[in-house]
Structure formats: structure tokens, C-alpha cells
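Notes for the one structure printed next.
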Amino acid sequence: MPVMTEKTNPNTKIANVSQKATENKKVVYNTKDLNLWYGEGHALKNINLAINENEVTAIIGPSGCGKSTYIKTLNRMVELVPSVRISGEILYRERNILDKSFKVEDLRTSVGMVFQKPNPFPKSIYENVAYGPKIHGIRDKKILDEIVEKSLRGAAIWDEVKDRLNQNAYGLSGGQQQRLCIARCLAIEPDVILMDEPTSALDPISTLKVEELVQELKEEFSIIIVTHNMQQAARISDKTAFFLNGEVIEFAETDKIFSTPSDKRTEDYITGRFG
Amino acid sequence: MPVMTEKTNPNTKIANVSQKATENKKVVYNTKDLNLWYGEGHALKNINLAINENEVTAIIGPSGCGKSTYIKTLNRMVELVPSVRISGEILYRERNILDKSFKVEDLRTSVGMVFQKPNPFPKSIYENVAYGPKIHGIRDKKILDEIVEKSLRGAAIWDEVKDRLNQNAYGLSGGQQQRLCIARCLAIEPDVILMDEPTSALDPISTLKVEELVQELKEEFSIIIVTHNMQQAARISDKTAFFLNGEVIEFAETDKIFSTPSDKRTEDYITGRFG
Amino acid sequence: MARSAVQHDNKKLNVSEIIQQKKKSRSVNNYTEKLIPKILFGIAAISVFTTIGIVLTLITETIAFFKDVPFIDFFTGTELKPLGENAVFGVLPLLTGTIISTLIAMLVAIPVGLMTAIFLSEYASEKTRKVLKPLLEILAGIPTIVYGFFAFTFVTPLLSSFIPDLEPTNILSPGIVMGIMIIPMVASLSEDAMSSVPNAMREGALALGATKLEVTWKVVVPAAISGIIASFVLGISRAIGETMIVTIASGSSKNFTFDVTQSMQTMTAYIVEVTGGEAAAGTTLYYSLYAVAMTLFVFTLIMNLLAQYISRKFREEY
Amino acid sequence: ACGGGDTNEGASGNGENSEELEGSVVIDGSGTVYPFMARMAENYMGEQENVSVEVSRSGTSAGFKKFLVEDGTDFNDASRQIKDEEKASAEELAIDVQEMKVALDGITIVINKENDWATELTQQEIIDIFLSSAGKKKWSDVRPDFPDEEIQTYGPNENHGTYEFMFENILEEQELPENINLQQDYSTLVDLVSKDKNAIGFFGYGYYDSNKDKLTAVKVDFGNGPVEPSLDTIKEDGDYAPFTRPVFTYLNTNMAKEKPQVLDYAIYTMENAQDVAAETGFAPLSDEDVQASLDALNGLK
Amino acid sequence: MKYIDSEQVHKKMGSRLLANSLAKTIFFLATLFGLVVLIVLIYRVLADGLSWINMDFLMNRLSTDPEKAGIWGAIVGTFWLMLVVAPVTMVLGVGTAIYLEEYAAKGRISSFIKTNISNLAGVPSVVFGILGLTVFARALDLGSVVLAGGLTMALLVLPVVVVASQEAIRAVPQFLREASYGMGATKWQTIKNVVLPAALPGILTGLILALSRAIGETAPLVVIGIPALLIPVPDGIFDKFTILPVQIYYWTIDSALVAEYANLAAATIVILLIVLFAMNSIAILIRNKFQKRY
Ligand SMILES: Nc1ncnc2c1ncn2[C@@H]1O[C@H](COP(=O)(O)OP(=O)(O)OP(=O)(O)O)[C@@H](O)[C@H]1O
Ligand SMILES: Nc1ncnc2c1ncn2[C@@H]1O[C@H](COP(=O)(O)OP(=O)(O)OP(=O)(O)O)[C@@H](O)[C@H]1O
Ligand SMILES: [Mg+2]
Ligand SMILES: [Mg+2]
Ligand SMILES: O=P([O-])([O-])[O-]
């Protein structure tokens, strides 16, 4: 059982420590009785989850269980699919984001997102990072310069790109592109960062870099990360939610999930019996 | 080992009986030192195989081992790929079909082929079956009617379609379409029938029907069948060739291949250790 | 819960706060967001208005025309003398001119276009196709006026050396040249239809011992027939609407005849002649322009709808 | 309908010949007069670089329809005199029209180069050929020794003054043959006649003059032996007189008052008419005729 | 009982194969036919026109004298025409495409607009000429000036730009839109800043093709009433004008009067074909350069 051996990973240790230090953190996202349908397909069933500030929350589960759907619901990106219907509540900082009066653009300004496949714009590196601030009305070149540098540093890619900020982002490697996307997301200083399998398209070394980055970022941001890689969840997350067929089977401290899961299905999954 | 339990299948028994009854049959196809390249890729390596008349010869092997390539070489269909190069000899009824002077159209009139995906023409059922005879010069409506009926009966589909011969073939189910394709092939009264995974696109019941049909057809025709389904090979074939990476690893009576294979790789494959 | 942002940097910079401020001062944004789709819808509607505009202008003036000239006389009249004191407006000379030129064009374009399509889709190697297709596209991109020049200064003299009775302006030469112009269109649409016939179908026929010709003629062409016919219909529509070639090379004789060596006028050429010569508003002559244009429009519209119908209705289900 | 274009506001006042003018002059009308007027315009634009003179040729009658509308053309070339109806509609629109005779033209009867039988015809034979009621369908109907082949008649269509001159003055308003081939463009006519052995057509002398290599002009016997049309014979009292006609351009004087360049061009035209006429296949006017027009024009200043 | 006599089949095979190779030859010749015509056409035009092309021919004004005549007016007219057609079709075409691809619900309205556009593409150009004559030249009283001609041409080539833009916009991967929405961008911001820049090469290609169609069309302008016989060089979009194809038209029909006009027409064709060829090459270059970027 590979998961057990991973438990000795130093990163995980750190995670555990910080976990304890912040036992009564504020709740940033509170999902209540969330149901979601794609047309007739019931993709999320009665989801109840309370996600804490300044933690890394991992979402795991077999393919098609609704992980991406859930995380996309948190910034209402899921609504780009025309057939979607949603019921229930998602409270973000106490306000129901599913409310009609809630502006998605405001929500998405506070909640950044990193996607499975790195998706930089076909523009220069600089323009990629400056995109968010610009659309939000920041035009001052000096401020933009500062933001770009700060964000790229924040995403631990500054040193690699500082000499070619004006080159096209598609010249970067996959791992660099993904960190650029993280920088792009940091540039508007979000409150929460959603990540949907951010490392699944990356090589092991790039993966490691991104994982380290996530660890750092959580000092400042709340992070919700979907992963199909259980070791990754174990390494970097504070809490883990296990999804199956659109339901949350178990949600608890990562430690607990991976050592003493309370549900038989969770155990089956993390020991590799299915999925 | 599922194969063992299959050995008690009654069909297989029959196969074995007929096998013994025809020990010194004529050779219909004799392949000698056949090599084939797709561009730079060496797809068939030194193939030597002698295939008997009025038997079912199965060709098995993992994906990409060259089964389809080999069977398509037997009616020179492989030449539709522009980059193909071939060396060696394939004697069909003593004549080398790879000889430039050998007309492929003649060859293909004597050697029918049934494909993996049913591929009826978008014409009526009747026209599908009558196509072959018509292009070969039979115009007489009465004779055509007879051929169509005989071929459809031969393909065990007559009763299902006799009342709608003028309907489009695409109204038939997948299994019926495949038997229609067999009927189409029977209509030109071939000597040999090549089948490339003829049941892989079909449901179990249709598969059973086609398998029974193959058993019947071998009374009259020589059949070479590619299958990735080892039980199928065991059930219906007299001889089996095992291909691996473009080479023939073993060729022997089906009984022997599945009970006491002489090559370690054959054993590994049929016991499901790879492929 | 404003978080102090600075971590790697000791400069004070709080982006999220700036953004919040900007947001408040930019209610305009919202407004644009609502306005844009409406503007775009308006723009998209212009294409519809264009159609409506065409139909309306044609209909109103056509109605005025039929007040002067009875409907029946127009469509059954074999005499067309639009000028002078006793003007007579029978559209049949123009209709025969149009139909005959279209027939000649399609007699060239259909066989040659179809054979070209068959060659490209069934016989040509990948390399040959890559060379030939762009060349055919060049043929398709040549302005019609150039074909008109070609018909008038080259094809007509060439033909009259075989056909001594050929008039200097005649319907045969522009008909042929129009056909040549339409070849690439028929060829490329038919080739698309044939290329979308799955290879499995071809293999099925080849495996029965069919020659390539038999595969093409008895399997591929029938399977792609709706796309092929749609390409013919579009070609016909194109030929009916073609103007400059016939204007230049077919002259303006308004005789009701079926003799292809003679000059004939098509509907399109009539429109050019009447607008080019004299187009003083309010006269019957002026209205006849619209009646003819309306007839032309209806013809091509029917052809276009027919082509759409054929390729939609009989879409091959393999 | 689209005359005026960009007129300069006429602020420059009365135009002296030497003065730098600008703006446009729009001319339409007779195809017969077109070569004359086009040459004139080119010459004029060589001197007055900022004036653009635009010359079209939709035919005398068609041209009048564009001339006699509000904001119509400045000049209308004509190969016949203005008709009473046209005068009436000018009055209705309060357009003052100034007639300017610019040259003399002879209606020329042309045949194919290969036609070696009809090179000389009497006036009456020509009239009969173009008269429906005379029923001359074959050449042999004209003279028995002519070939037994159908006559193909050609001419400009009803938009043209030449057609009307033929119809009204030569045929005395009797019907032309049923199957006569009437064309809008003189170029087409020249081409058709030059390629049809049995053709006979009519148009202004200028179009014959510039296509002598393709066409033969019929010598017409008006009673005193065959006369070949030429710049010498085409005169009001010349040998070709019965088929001779004056050609005009009509000036909208309202435009001339409004736009100095229009008046200036009118004067220029008259001053150079005799030279340009000779160059473009017209018989020149007498000096008196020129002076009469010039006087009228100078009166408009 | 055997129905298929393989001896018989074998015997007949020879003639069937002969038929096949014969057919192949015929099909090949048919394909060549179009190309041979192309070669003859280009050869003819070059033979008639090439020797007439020189600086004077390009820079001179129109004249009735073939020795003096030049196409400067037509070149400038073509330029002014493009200057009207390009922005108008660009705005209308791209706007329509954005509406159809990004905003319109996939329902009746959008499919109605789409059907309408494909029908519009099949309307004969001469009918557009009538529309232009009636609406722009007469009802709006513009006269036969560049603006009227340009607007007519813009409507005529609109379907080309709409279809090309639709394809270009559709080809912009969804993940780019998601990335932008994920930053809190609004729909229009996303379209303006992400979708359009990414679709621009495709849109430009369509625009160039549309323009080359517009400057090759003759009938609509003749119908609108370009006199083009002797016409000054236009100074702006409110001037009367002529363009290369119209000039070719008049010179061709007048070639019966003055034989050299046929050479002038041929020379003008050479220039027109060079312009079109250059434009199409640019379009292909753009397409190839930006083909695969993500
Ligand atoms: N756009 C869509 N339209 C319809 N059904 C969808 C759509 N997207 C996802 N689904 C369905 O919703 C369910 C959940 O999908 P989701 O993408 O959330 O799974 P996932 O857990 O992210 O899987 P994976 O690990 O493969 O990414 C699946 O059954 C899927 O088929
Ligand atoms: N058209 C082709 N061009 C190039 N290589 C080919 C082509 N078809 C097959 N190959 C290669 O030849 C080898 C044998 O392919 P083949 O299709 O004969 O395998 P197979 O045994 O039929 O496999 P499967 O069970 O998947 O059908 C493979 O490596 C394949 O990639
Ligand atoms: Mg997912
Ligand atoms: Mg295979
Ligand atoms: O063109 P016309 O001179 O005959 O009017």
C-alpha cells in the first residue's frame, strides 16, 4: 500500500502541523444540500461540505464521480454548460453564490481557478499575468509591472521567465505554463484558489514544483484541489473529501482519511481496489 | 484459466472430430518467408504458414502483432496502404499471388473477406448480395434471385430478411448486417473466406450466431479468421496460429495450442498474462 | 477581511483593494455588457434585412410592372421589345436564353466536374491531389469578367472555325465557358461528398473482386449521390445567376430561338443592358428590370433551397 | 438621376477662359457623338487639370431622360434634334436648354467585306431593305442578280437618335423589318456586321470611318449616280445630303450659370468643334454656325 | 450448383480491368481539362496584354486613345472601393459571427439567420446590383459613387466573412474562454480580449478572400451605373469611380471598334490577376502561419 509509505513525507508533516495550529479557522465555503443535473444526469447529489480558510482541501474520487463538476460549481463556471440545473446553497463568505443577484464576475474575481490542462492565452508572458488586473480596470503601467513581478514570484517562476516577459507563453514548457497560469490567477489576489487536477498534464519534476507552490500558497489563500493522485492528496492537503457517484462519501482530515477511513468504500478506493 | 472450462463446449468437440477426419487435406494457402513493411515499420517478419482447405484457421495475438496485416495480405487488400512493401511468396492454390501478373480482382473473387465492422453498402439488402454477382457479369434476374436467396440462407439470415429484401441494409441490426456481409461474400462463391474479427462489434447473441455459421461454412469453404477472443478461437477453429510482434510464434492444432502450447510466450498469452 | 498582500515584495501594493475600488467606479461596464448583445443582434439582423430589402424592392416594382403588363402576357410572351413606342414584354426569350446557357454550362460542368471529383477522390495519390486541388481553386478564383473576355476573344473565334454559322455573339461560347467556370465548384463539392464515404465501403466492394471503376460507380457514387446532386443544383444556380460572361459574349438579341449558334439574351444580361443603357425611373422599361430580376431571384432561390434540402434530407446514414 | 456629383459651389463667379477652374462636367447621350465628345473632353482636361469631364453614351433618347430630370446631366449629346415632348418636359422642370450644333454626320449603310454585290444601292433600294412592308427578305428580292440568301438587317436600338432619324426621316415612320437586329452598343454592331456576310446595317459615319478595314460602306445613288459617304460628300448641300444630318449637344443653361466650368466647357467645345470633328469622322460646321452658338453661349455669362 | 464460373470471371476480368484503366485515363484527362483551360487563358491574356503594361499604362488616366490610355483611375477606384468594403464587411461579418457563435441561443432565430446567410450567398450578384441601385444610389440618393458601390459589395461578400469568422471563432478552444471567465472577466471582455485576438488570423483570411471577391465583381457596379467610359480619378468615397473589372468590361465590348482595346483589356486582366493572386497568397500565408498555435 503505497499510501502508507507516503505518510512519512516531510511535506505532509508540515501540513499536519499547520492543520493543528488552525483548528478553529473560519469557513470560507459552505455547501448545503447541493444537487446538480446535466440535463437528466444527476451529477451531484446532496453535497454538504464546509471548507476552511487557509487550508488545502483535496477532492478525490474515481473518474466521473463529479469532482470537476463540484469545483466548477464553486465559481459557477459549470453554468457554461447550457443544460445545467442546480439546487441547494453554496455560501461563500456567508453569501449564497447561487443567488441570482450574485454577480459571477465578482465571485470569480475573488475565487481564482487553475485548470487541468495549462491554458495560457496566446499572448506574451507579461500580458498573460496582466490580463486579470487589466480587465479589472488597472491601466497604470507601473502598477501592472509590480503586479506581474509579484505574481510571477508568487508562482515561483519569476527567475525562469524574467528575461523573456515579452515572449509568447506557448514557448514555455508544460510545467512552466501551469505555474504561469497560477501566477495569472495570483495577479488578481484571489481569496480562494480552485485547482482541477493541476498537475495531471505535467511531468514528475514540474508536479513537484507545483506541489511545493501549493504548500506555500496556502499561507495566504484557501486552496481547493481536485486530484486523481492519492499520494498527492496525502502529501499536500489538510482535509480530503472523497466523492463517489456524485456523493460525498467521507470528508475529514487527510491523515484520518488515509489511515483510518470510516467508510468501507473510501478504504476500497484508497487501497486501489477500484477507480 | 477460463480457456480450460471452455474446452467442454460441444462446438469444439465437433471441430475436433472434423479435424481428425480430414488429416490429409490439401493446402490452400502457403505462405513462404513473407515480410511486410509499412514505410520503415517491419510489420510481418518471416511468416511461414500452410493453411488447409475446408478448415477453420484462427489467428490470435495481442493488438498490433500483425494479424490484420497478414490476413489482408492474403487478398492483397493491404496494398491499399501506399507505403507497403512486401517480400516473400504467398502461394494460393499453388500460384504466387504476390506475382505482378496475378490480378488482384481475380484473387479477390476467389477469396472473400468479412470485416471487423459490418460494412454493407447503402443499398437494399437484395442489392448488397447481388452486387458481387452483378459486377462479375451475371445479369439474369432469375439467376440473381436464386443467388441472393441461396447466399442469405447460407448466411443464416434468410428468414429474418426475406420479407424486406428491398429495404435499405442500414435498417438491420449490427449482427444482421454482419451476416448480410457474409452473405454478400458467399454470393460470389469464394473458395476461401477471410474474416478479421468478424464478431468484435457484435453483441453476444449475434456473436453466437456468426460462430455457428462459421462452423457450417467450413464444410464448403476454407476459413481464416482473426480473433482477439481466445475462447472463440478455441470454440470454432481447427488450427490456430499465434502471432507476436509480426512473427508466428506457434501454429498447430487448436487443441494443442490451448492445452499444451510448446512456446512459453504462447502459454503466457493464452493464460492472460499479457495482451 | 482585507489581507495584506505583500509577501515576496516589501512594496505596499494591495491589488484586490484597487480592484474593488475600480469596480465601484465602473458601473458602465455592466451597461456595455447588456448593450453589446443587442448591438450584435442588430448587426446580425442586417443580413436578414438585406434579404428583406432585396425581396421588398423587387416585389414593389414588380407589382408596378404587372399593372402595366399582364402577368400572363409576361410569362407566355415570346416577343421582347422593351424599347420604342410599342414596347412588348414577353419574358420567354430571356428564359430560353437563360435555360439554354445553363444547359450548355451544365453539359460541360457536370461530366467534367464529376470526373474530376472521381479522379481526385478515388484515383489520385495524396501527392497528386495536393498539387491539383489548389490549381483548381485558382480556376475558381478567376473573376467572371476574365472568363467573359476569354469567351469573347478566344473561345468564340475558336468555335467559329469549326462552326462557320456561329454568330459573333452567340449563346454557345459563353455557355461552355460558364461550364468551365463551374467545374471547380462541382468538382470540389462532389469530392467532399465522395471523400466522406467511409473506406470500409470501398474495401467491402474491393474484397468482392470489384475493379476500382466498379467500386466508384456502383458504390461510392451512389452513396454520395445526394451531395453530388446538391453540387449540380448549386452549379445550376450559379449558371443561372452568372452575368458578365453572357453579357459580353452572347450579345443582346431578344429573339425567341433555340439555335445555340445565335445571340440570345439571358435574364442577367437583360438587367445589365437595361440599367446600363437607360434606367429612367417610372417607365415600364424600368419596372421590367425588377420583374426580370424577381424571376431570376426566385429561380436561384429555389435552386439554393433545393440544394440545401437534398443534402439535408438525403444525408447518407452510414 | 445622379448628375451633379460634387459641384463646387460656383463661388468663383463668372468664368474667364484663362481662369483655373475645378469641379465636374457630366455628359451623356448620343453614341454617335460620343467619339467627338470624348476627344473634346480629353483635350479640355489637358488644359483644365482640375475639371473632370465625364462622358457616357447611353443613346440620344436615353440620354435625354437623364438630362431632363432634376439634377440631371449638364450636357446631352444628340444625333437628332430635341423633340417637342422633350422640350415640354424641360419647360415643366424649368430647365433652359441651349441647342449647340457641333458637327455634321452622314448615316452610313454598311455591309460585310465579303459582300461584293451590294456595294452600290439606290436610295429606294436601301429604304426597301429596311422597310418591313417592302418585304425584301432575300438579296435576290432586291435585285434578281443578287444571291438567293436572306438579308440580315442591323441597327442601333430605340434608345438611339440614329434609329429615330432612320425611322422618322428616312423611312417616314414605317415599320422596320420584324427580324432586324437592334443593338445598344455601336461596337457590337460593327462586330456583327463585320462577321456576317449577309449583313446590312446603318449608323453614323464616324463608326464606319474608324472601321474601314472591317466594313464596306454602300455607295448610295440618290438619283445622280452612286455617292460614297466621306467627309467631302457629307454636307448640308453635298452629294450625300439626303442622308446627312447635324449632330448636337444640348446644354442645361441653369447648370452653366451655376457651374462656371460647364459654361467654359461649352465655349471650349464650340471653339474647337471644327478641328475635333474632322479628327473623329464628322464633317465640320460652317464658321457661321459655330459663331451663332458661340454668341448664344457668351450671352449666358 | 455453381452460379459463378470462375473461368468465365477470369476471362472477363481483362476487359473489366481495361475499362478501369480507360476510365482512369478519362478521369485524369477531365481533371486536366480545367487546368489546360487555365493555362490557355493565362497564356492568352499574357500574350495579348503583357507588352502593353508599363509605367504609363499604370499611371495614366483613361483615354479613348489606346496609346495614351491608362488604368490609374481604376486602380484608385479599386482602392477606394476596398476602403469602404473592408470596414463595413468586417464590422457586419464579425459582428454577425460573434452573435451567432457566442450569444445566440441555438434555436430558431440563429438557425434562421444561418439559413438566410447561406441563401444570401446564392443570390446572383446582379440582383445585389439592383438592390444597390434602388437603395443606395437612388433611395439614399448617393448616386453611382464609391460609397454606394462599396456598400453593395459589402453586402454581397458578407456571407464569406460571416462563415470564415464563424469558423475562426469556433476554432478558439473553450479552455481559453474558461481561463478568462475564471479571472472574473465578463463575457464581452472575454470575447474582446481573448476570443477575437485568437480568431483574428482566420477572420483576416476570410476578409481578404471577401475583398478579392469584391474587387473582381463587375455586374453589381455596372448595374449601379458606372459610366466608366471616360471618368476622372476619384478623390474620395463620394466620387464616381471605376474599378479594374469594369474597365475590362468596357474595353472588351469596345474592342470591336478599336482592336487595341482588347490588348488594354488583357493588360488590365493581368494586373487584376496579379492583385488577386497577391491577396490570396497573403491569405494563405496568414492561414499557414497561425494554423496551429495551442
Ligand atoms: N458538459 C457535460 N454535459 C453532460 N454531462 C456531463 C458534462 N460534464 C460532465 N458530465 C457528467 O457528469 C459526471 C461528473 O463529471 P465530472 O467531469 O465532474 O467528473 P470528474 O470526477 O471530474 O471525472 P474525471 O476524474 O474524469 O475528471 C460524469 O458522469 C460526466 O459524464
Ligand atoms: N496503415 C498503416 N500504416 C502504418 N503502419 C500500420 C498501418 N496499419 C498497421 N500498421 C502497423 O502495423 C502493425 C500491425 O498492425 P495490425 O493492424 O496488423 O495489428 P493487429 O494484430 O490487427 O492489431 P489489432 O488487434 O489491434 O487489430 C502495428 O504496429 C501497426 O501500428
Ligand atoms: Mg475532472
Ligand atoms: Mg486488426
Ligand atoms: O447613339 P445615337 O447617336 O444614335 O443616339
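Quantities reported herein were computed from a predicted structural model and do not represent experimental measurements.
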At a heavy-atom separation under 4.5 Å, does [X] approach chain E through its side chain, its backbone, both, or neither?
X      : value
C:L135 : both
C:L58  : side chain
C:Q308 : side chain
C:I183 : side chain
C:I36  : side chain
C:T216 : neither
C:E242 : neither
C:T211 : both
C:S237 : side chain
C:I54  : both
C:F152 : side chain

Short question: side chain of E:T186, backbone of E:G184 - any donor-acceptor pair under 3.5 Å? no

Write down the atom of E:L244, the atom of E:I271, and the distance for their closest heavy-atom approach. CD1-CG2, 4.4 Å

Heavy-atom contact with chain C under 4.5 Å, split by part of E:L273: side chain

Top of E:D48, E:L92, E:I248 for chain C proximity - count of heavy-atom pairs under 4.5 angstrom: E:L92

E:L17, CG atom: more than 12 neighbouring heavy atoms under 6.0 Å: yes

What I want to check is whether the side chains of E:Y250 and E:T242 have a donor and an acceptor closer together than 3.5 Å. no

Going by atom types only, do C:T128 and C:Y123 share a side-chain donor-acceptor pair under 3.5 Å? no

